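Worksheet: the structure to be examined is printed underneath.
Lettering follows sequence order; numbering is per chain, from 1. All figures in this text were calculated on a predicted structure; none of them were measured in a lab.
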There are 2 protein chains.
Amino acid sequence: MAKDKKLVEAITSMETDFAQWYTDVVRKAELIEYSSVRGCVILRPNGYAIWENIQKELDRRFKETGVENVYMPMFIPESLLQKEKDHVEGFAPEVAWVTHGGLEPLQERLCVRPTSETLFCDLYSNIVQSYRDLPKLYNQWCSVVRWEKTTRPFLRSMEFLWQEGHTCHATAEEAEERTVQMLDVYADFCEQILAIPMIKGRKTDKEKFAGAHSTYTIEALMHDGKALQSGTSHNFGDGFAQAFGIQYTDKQNKLQYAHQTSWGMSTRIIGAVIMVHGDESGLVLPPRIAPVQVMIIPIAQHKEGVLDKAFELKDRLSGFRVKVDDSDKSPGWKFSEQEMRGIPVRIEIGPKDIEANQAVIVRRDTREKTVVSLDELETKLAEILDTMQSEMLERARTHRDTHTCEAKTYEEFKTAIKEKPGFVKAMWCGDRECEEKIKEDTTATSRCMPFEQEQIADTCICCGKPAKTMVYWGKAY
Amino acid sequence: MAKDKKLVEAITSMETDFAQWYTDVVRKAELIEYSSVRGCVILRPNGYAIWENIQKELDRRFKETGVENVYMPMFIPESLLQKEKDHVEGFAPEVAWVTHGGLEPLQERLCVRPTSETLFCDLYSNIVQSYRDLPKLYNQWCSVVRWEKTTRPFLRSMEFLWQEGHTCHATAEEAEERTVQMLDVYADFCEQILAIPMIKGRKTDKEKFAGAHSTYTIEALMHDGKALQSGTSHNFGDGFAQAFGIQYTDKQNKLQYAHQTSWGMSTRIIGAVIMVHGDESGLVLPPRIAPVQVMIIPIAQHKEGVLDKAFELKDRLSGFRVKVDDSDKSPGWKFSEQEMRGIPVRIEIGPKDIEANQAVIVRRDTREKTVVSLDELETKLAEILDTMQSEMLERARTHRDTHTCEAKTYEEFKTAIKEKPGFVKAMWCGDRECEEKIKEDTTATSRCMPFEQEQIADTCICCGKPAKTMVYWGKAY
Ligand SMILES: [Zn+2]
Ligand SMILES: [Zn+2]
């Protein structure tokens with residue numbers, strides 16, 4: 001048992017040092033490995049498999065709304081990046097520049113895409129002519145590069161994997177509808193699959209995407225009370241269309257500018273899964289996203305028939321994602337590994353269980369043990385995984401709600417930000433100066449103006465002028 | 001009907017100018033679009049969907065052999081690329097260099113990966129310690145960049161999508177076994193799914209991968225008689241392990257170098273599908289890889305009940321990948337589009353068909369029409385698609401076999417290369433000088449030394465010395 005403890009002891013307690021706990025978990029659960037490239041990590045099989053499941057789920061949802069996948073070049077010529085003024089200002093300071101191809105210097109340098117609005121606009125300006133060509137609902141799965149000074153696995157990385165959807169519409173209404181629709185897709189996916197409840201809302205002008213008319217966001221609360229922006233959806237209006245000349249002839253044969261959106265979710269969301277659900281023993285993965293849902297751990301596996309039974313159960317449970325740990329490690333060590341990796345349940349089966357025609361199912365999140373007859377293994381297992389999935393969501397919701405408070409005065413606000421990790425709801429006048437002062441005074445940023453508004457007070461928390469909107473504030477990753 | 005002809009007339013005849021036919025087809029079938037980035041193309045929905053199906057099929061086959069997916073950084077520090085001498089010599093002249101991050105020059109420049117051997121080796125040197133850690137069977141799906149002077153869609157592109165598998169083994173035997181196993185996976189996939197027969201063999205030293213002990217290849221013959229290298233699998237022996245210090249302790253607690261392989265297939269294979277199966281009307285996709293297998297084209301769709309029936313059939317055919325073309329184009333135009341896109345069959349259904357409880361199934365490859373009762377639509381459709389799939393393979397095999405000849409003398413060889421597009425089988429002494437002379441004299445290159453050897457003659461076609469091996473020669477893409 002001494003050896004069994006080592007794996008858990010290798011990670012820092014989350015209550016002592018949450019940041020170190022996080023780093024320990026991503027390493028010990030073998031999600032990532034550091035690389036020789038500064039700021040870039042390697043997604044190992046345990047980490048990449050989570051991303052594959054996220055891709056599968058999101059991709060299906062996108063396609064159900066008519067989205068098609070494409071692939072664009074990873075390079076953007078400098079002149080193309082410069083076509084939309086706000087956009088280039090936002091991204092130029094943080095891109096990687098290719099200046100040489102083979103042994104030759106390039107005539108025009110190329111940046112490695114930080115995002116691909118400019119390339120999609122360039123494409124749309126070539127292939128959109130008539131209202132019959134609209135809408136275009138394209139998406140791509142790729143990696144992007146942003147030259148970050150400080151990086152953290154999943155949360156902030158020089159290179160990260162994501163999807164970026166880019167759509168082109170005839171009317172402003174249609175573009176707005178699509179922007180909200182995709183935010184809803186993200187929020188539903190996070191709640192249903194990742195068991196993370198989201199607050200949906202709009203970003204302030206200060207926080208919106210470079211070049212967007214409006215940016216919608218989903219915000220989640222981590223275990224330590226910090227917020228994480230988990231997905232964004234932007235309405236560009238016809239700003240990019242004007243910069244890139246994306247025009248179509250309408251039914252009356254009149255030239256019109258197209259209206260565009262873009263929306264993205266990245267491997268960052270894996271950071272949210274870790275920081276919302278993880279505990280002192282490591283990762284806890286929601287059953288619907290877990291690459292391995294069930295680890296069968298044979299007890300006294302050298303005894304005759306035990307391993308055979310374990311593999312027989314695995315074959316029977318083909319409707320689930322199941323593995324057998326038949327390594328020569330001790331059962332205790334195997335339990336620790338299964339817990340560190342966040343595998344939702346383990347099934348323990350030994351000679352006595354076999355004799356009694358039963359097995360023990362142990363939930364990762366609550367450690368609850370259920371002895372089940374092998375005759376009803378499939379049904380019970382499905383029940384336990386479903387219960388676990390919905391209880392994880394409820395637990396995350398409760399945590400968020402108990403870590404959300406209201407502030408009516410600036411004193412209340414400052415105290416709350418300082419002493420109560422979590423969201424603070426407070427009124428705002430809409431002026432950027434107040435937003436900036438609040439950040440300076442408290443380090444909290446506006447997370448979003450939620451779609452579900454409440455009238456907490458009549459005046460801005462900061463300046464006292466009439467309030468326009470309620471804002472979720474918080475410290476953020 | 002005048003309008004219907006336009007789409008087909010827009011492509012050059014393949015017998016007049018095969019290269020131009022190819023370019024016309026990839027554009028008119030909307031597989032690709034040119035981008036503002038020299039040498040980089042955009043994969044449009046019709047093109048990317050083929051790649052998605054290839055990914056799905058290959059990924060499943062890889063995983064069945066125990067392979068796990070990972071993701072590595074896209075950048076490689078110059079010093080890391082230089083660790084294996086042959087490797088850097090092979091790739092350094094054709095990589096893109098990142099020299100600036102944000103506004104700052106980098107201390108060490110980074111290349112955009114042309115392939116990731118060096119990164120995988122770096123990882124393995126960190127995570128492989130004991131024989132218990134082996135084998136490592138990793139793969140990644142990503143894009144790579146090679147600074148090519150001349151480019152052609154799918155066939156040669158500055159950036160292209162591929163998968164690269166990298167495995168690490170305890171013994172030389174195991175590495176060799178894996179190298180051959182993955183070549184077999186590729187060949188089976190190409191035959192079974194893409195309907196392209198492959199010749200499996202080994203590359204000569206001149207043609208092998210930079211840094212490999214041996215390179216195995218699958219070679220296909222295109223419609224114009226040129227060869228296309230379609231997938232490769234490399235055995236590195238312990239060469240990279242020595243350069244990167246990948247060592248493990250064996251069961252006797254002795255330090256040993258690991259043995260490695262890598263293997264890759266890229267979007268290039270889509271070029272093969274086009275050039276093996278295409279005809280004067282455009283693309284012809286094998287049913288098993290076609291993103292849309294069946295296009296239902298309503299006849300007189302304005303008549304009551306026709307469109308409803310078309311969508312009813314679509315719903316019934318949920319076991320297939322089916323679309324209804326309900327656009328306001330004429331049926332003739334829709335036929336041309338379906339043919340240009342290579343959709344394997346179309347189902348024509350009009351008022352008279354509905355009355356007679358029937359539909360017409362038209363095969364894309366042979367144009368064969370089958371009138372089927374709606375009562376047996378699913379069965380007949382499945383039969384027709386199966387027959388089409390296997391006949392496409394047989395046709396491609398016959399084409400290859402009738403475009404393969406033997407040469408016993410150098411005169412025969414030169415005449416064959418000049419006058420008979422296709423493979424020429426001829427004996428070789430094994431000396432690089434002869435291989436280079438043959439290329440200089442004829443522009444033909446050694447495609448592979450096939451696993452299935454034949455003793456055509458006893459002497460080298462070129463120098464007359466005793467022959468060591470039979471080689472497939474040909475002009476290649
Ligand atoms: Zn204010
Ligand atoms: Zn010779």
Discussion item. I'd like to know if the side chain of B/Asn126 pairs up with that of A/Glu33 as donor and acceptor (distance under 3.5 Å, no hydrogens or angles considered).
Written reply: no
Fill in: Closest heavy-atom pair and its distance - B/Phe75, A/Ala96
CZ-CB, 4.2 Å
Worksheet, complete the sentence: Checked A/Met158, A/Arg44, A/Glu30 vs chain B; the most non-hydrogen pairs under 4.5 Å come from A/Arg44
Discussion item. I need the residue from B/Val145, B/Ile127, B/Leu103, B/Leu80 with the largest number of non-hydrogen atom pairs under 4.5 Å to chain A.
Written reply: B/Ile127
Worksheet item: Which bit of B/Arg146 comes within less than 4.5 Å of chain A, counting heavy atoms only: side chain, backbone, both or neither?
Response: neither
Discussion item. Show the nearest heavy-atom pair for residues B/Tyr138 and A/Pro45, with the distance to one decimal.
Written reply: CE2-CG, 3.4 Å
Discussion item. Could you tell me if the side chain of A/Ile42 sits less than 4.5 Å from the side chain of B/Leu119, heavy atoms only?
Written reply: no
Discussion item. Report which part of A/Phe91 has an atom under 4.5 Å of a heavy atom belonging to chain B: side chain, backbone, both, or neither.
Written reply: neither
Worksheet entry | Pick from B/Cys111, B/Pro93, B/Ser327 with the largest number of heavy-atom pairs that fall under 4.5 Å of chain A | B/Pro93
Worksheet item: How about A/Glu68 and B/Tyr48: do any of their side-chain heavy atoms sit closer than 4.5 Å?
Response: no
Worksheet item: With a 4.5 angstrom heavy-atom cut-off, which part of B/Leu161 approaches chain A: side chain, backbone, both or neither?
Response: side chain
Practice prompt. Please look at A/Asp122 and chain B and tell me whether the side chain, the backbone, both or neither of the residue comes under 4.5 angstrom of a heavy atom of that chain.
Written response: side chain
Discussion item. Restricting to side-chain hydrogen bond (donor to acceptor under 3.5 Å, both in side chains), what partner residues turn up for B/Thr267, sequence neighbours left out?
Written reply: none
Worksheet entry | Heavy-atom contact with chain B under 4.5 Å, split by part of A/Val41 | backbone
Fill in: Interface residue of largest heavy-atom contact number with chain B, from A/Glu94, A/Gln140, A/Met74, under 4.5 Å
A/Met74
Fill in: Side chain, backbone, both or neither of A/Lys63 within contact of chain B (heavy atoms, under 4.5 Å)
side chain
Worksheet entry | Side-chain donor-acceptor contact under 3.5 Å, B/Tyr71 with A/Glu52 | no
Fill in: Contacting moiety of A/Arg38, where chain B heavy atoms sit under 4.5 Å
neither
Worksheet item: Which residue out of A/Asn69, A/Ile32, A/Val95 racks up the most heavy-atom pairs below 4.5 Å with chain B?
Response: A/Asn69
Discussion item. Ignoring hydrogens, what is the shortest heavy-atom contact between A/Thr99 and B/His100? Give both atom names and the distance.
Written reply: CG2-ND1, 4.3 Å
Discussion item. Quick check for you: among A/Pro73, A/Ser79, A/Cys40, which has the greatest number of heavy-atom pairs under 4.5 Å with chain B?
Written reply: A/Pro73
Fill in: Interchain contact, A/Asn139 with chain B, by part (heavy-atom threshold 4.5 Å)
neither
Fill in: chain A contact via B/Trp147 - which portion, at a heavy-atom distance below 4.5 Å
side chain
Worksheet entry | CD (B/Glu64) with more than 12 external heavy atoms under 6.0 Å | yes
Worksheet item: Of the backbone (N, CA, C, O) and the side chain (C-beta and beyond), which part of B/Lys56 lies under 4.5 Å from a heavy atom of chain A, both, or neither?
Response: neither
Worksheet item: What part of A/Asp328 gets closer than 4.5 Å to chain B, counting heavy atoms only: side chain, backbone, both or neither?
Response: side chain
Fill in: Close side-chain approach of A/Val98 and B/Val98, heavy atoms under 4.5 Å
yes
